[in-house]
Amino acid sequence: MLQFEHVSKVYEGGTKAVDNINLNIENGEFIVFIGPSGCGKTTTMKMINRLIETTEGNIYIDNENIKDKNIVELRRSIGYVIQQIGLFPHMTIAENISLVPKLLNWSEDKRRARAEELLQLVNMDKTYLDRYPNELSGGQQQRIGVLRALAADPPLILMDEPFGALDPITRDGLQEEFKKLQQTLGKTIVFVTHDMDEAIKLADRIVIMRKGKVVQVGTPQEILSQP
Ligand code: ADP
Ligand code: ADP
């Protein structure tokens, strides 16, 4: 579903943030990129939705080079969740969840029904539809950030430390909830963290990065059994 072929990124100024990544990610896989701050995780994610262009190499989604795709369509086909979720404070929860469906011209009824269905997935009832972000807890807001990424049912979701700002108990709960959700929905997920416990809990395969390079790829069991 997602392939990296000799992908590198050198920023202006000369920092080689990503150094020759080669990787195949299967449909429905939960992949977690892990490594210390500055090793190139976020750069890798941003190259997938072309917030950043590769300096060298190519990325393919379903065997199509992302450079050949329409950039607007590419971004709409990829859900993106980051730590600073950035819900719009003047929009209701229903409106925040429905940003992409609205761009896709879904009817009001369809958008609302979809938002309600998504809220149910995270055990929030429809009374939340018309509330505003500041009426929700941090954990609830982060759930909405995840739902927003799922709204138009994209096949691929990118998550960059989505639970990083939450307290440990909220984070544990969300991780569990989210792993179940991923298994139910069968999405391909590329997830970034610097927390090995989180990686082990969530990943089908873990990709370990150091200084822009992929240094190890394996299942949590394989990674744990390394000396
Ligand atoms: P991570 O997500 O693993 O913390 P990043 O991908 O954010 O790593 O950064 C990788 C390297 O690229 C770091 O050395 C960082 O300082 C550098 N970097 C990130 N963004 C930019 C940028 N816009 N311009 C120049 N250097 C950058
Ligand atoms: P919950 O009630 O779901 O546990 P809290 O409101 O207690 O959520 O917030 C959990 C943690 O997340 C707190 O440490 C808080 O500072 C942080 N937090 C709150 N709002 C946000 C937000 N919008 N984005 C990221 N972190 C947040």
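Counting begins at 1 with the first residue of the sequence. Note that the structure is a prediction, hence the values are computed from the model and not measured.
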**Q.** K126 atom NZ, neighbour heavy-atom count above 12 within 6.0 Å
**A.**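 No, because the 6.0 Å sphere around NZ of K126 holds 12 heavy atoms or fewer from other groups.
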If we ignore hydrogens and angles and just use 3.5 Å, is the side chain of [X] paired with the main-chain N or O of [Y] as donor and acceptor?
{"X": "E135", "Y": "Y132", "value": "yes"}
{"X": "T193", "Y": "A199", "value": "no"}
{"X": "N22", "Y": "H6", "value": "yes"}
{"X": "Q141", "Y": "L136", "value": "yes"}
{"X": "K41", "Y": "G35", "value": "yes"}
{"X": "N24", "Y": "Q3", "value": "no"}
{"X": "S8", "Y": "N20", "value": "yes"}
{"X": "T15", "Y": "A17", "value": "no"}
{"X": "Q182", "Y": "G28", "value": "yes"}

Please examine the side chains of [Y] and [X], heavy atoms only from C-beta on, and report whether any two atoms are closer than 4.5 Å.
{"X": "M196", "Y": "I206", "answer": "yes"}
{"X": "L51", "Y": "R75", "answer": "yes"}
{"X": "N96", "Y": "R148", "answer": "yes"}

Supply the atom-to-atom distance [X] [atom1] to [Y] [atom2], rounded to the nearest 0.5 angstrom.
{"X": "L118", "Y": "I144", "atom1": "CG", "atom2": "CD1", "answer": "9.0 Å"}
{"X": "N58", "Y": "T54", "atom1": "CG", "atom2": "OG1", "answer": "6.0 Å"}
{"X": "K9", "Y": "K16", "atom1": "NZ", "atom2": "NZ", "answer": "12.0 Å"}
{"X": "I78", "Y": "I48", "atom1": "CD1", "atom2": "CD1", "answer": "7.0 Å"}
{"X": "R131", "Y": "T92", "atom1": "CZ", "atom2": "OG1", "answer": "12.0 Å"}
{"X": "R171", "Y": "D197", "atom1": "CZ", "atom2": "CG", "answer": "9.0 Å"}

Between [X] and [Y], what is the shortest heavy-atom contact and its length?
{"X": "P133", "Y": "L87", "value": "CG-CB, 3.9 Å"}
{"X": "V18", "Y": "G40", "value": "CG2-O, 3.6 Å"}
{"X": "T55", "Y": "V10", "value": "OG1-N, 2.8 Å"}
{"X": "T170", "Y": "G139", "value": "CG2-CA, 3.6 Å"}
{"X": "A149", "Y": "P154", "value": "O-CG, 3.2 Å"}
{"X": "R143", "Y": "V122", "value": "CD-CB, 3.8 Å"}

Q: State plainly whether the residues D172 and K201 are in salt-bridge range, i.e. N to O under 4.0 Å.
A: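 Salt bridge: yes.
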Q) Under a 4.0 Å N-O cut-off, is there an ion pair linking E176 with K179? A)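 No.
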Q. Rest of the hydrophobic cluster containing M91 (Ile/Leu/Val/Met/Phe/Trp/Tyr, side-chain heavy atoms under 4.5 Å)?
A.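 In the cluster with M91 are F88, L99.
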**Q.** Single hit among R112, R114, Q120 for side chain to side chain contact (heavy atoms under 4.5 Å, CB included) with E116
**A.**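 That would be Q120.
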Q) Any idea how F178 and F163 line up, ring-wise: parallel (<30°), tilted (30 to 60°), or perpendicular (>60°)? A)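 Aromatic pair F178/F163 classed perpendicular.
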(Q) Does either side chain, that of D125 or that of T127, offer a donor lying less than 3.5 Å from an acceptor on the other one? (A)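 A donor-acceptor contact under 3.5 Å links the two side chains.
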Would [X] and [Y] show up in the same hydrophobic cluster when neighbours are defined by side-chain heavy atoms closer than 4.5 Å?
{"X": "L166", "Y": "L147", "result": "yes"}
{"X": "I93", "Y": "L181", "result": "yes"}
{"X": "F191", "Y": "I61", "result": "no"}
{"X": "L119", "Y": "L185", "result": "yes"}
{"X": "V192", "Y": "I52", "result": "yes"}

N/O donor to acceptor pairs below 3.5 angstrom from side-chain atoms of residues 207-222, sequence neighbours left out:
residue, atom, partner, partner atom, Å
K213, NZ, D19, OD2, 2.6
T219, OG1, E222, N, 3.1
E222, OE1, T219, N, 2.9

Q: Starting from the C-alpha separation in whole Å, work towards a yes-or-no answer on side-chain contact (heavy atoms from CB on, under 4.5 Å) for T188 and L2.
A: CA-CA 9 Å; T188 307; L2 181 62; 5.6 Å; no
(Q) For Q140 and Y128: C-alpha separation, side-chain torsions, deciding distance, then whether side-chain contact (heavy atoms from CB on, under 4.5 Å) applies. (A) CA-CA 10 Å; Q140 288 174 329; Y128 284 96; 3.2 Å; yes
(Q) Which residues pass the side chain to side chain contact (heavy atoms under 4.5 Å, CB included) test with K102, not counting sequence neighbours? (A)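 Applying side chain to side chain contact (heavy atoms under 4.5 Å, CB included) to K102 gives R111.
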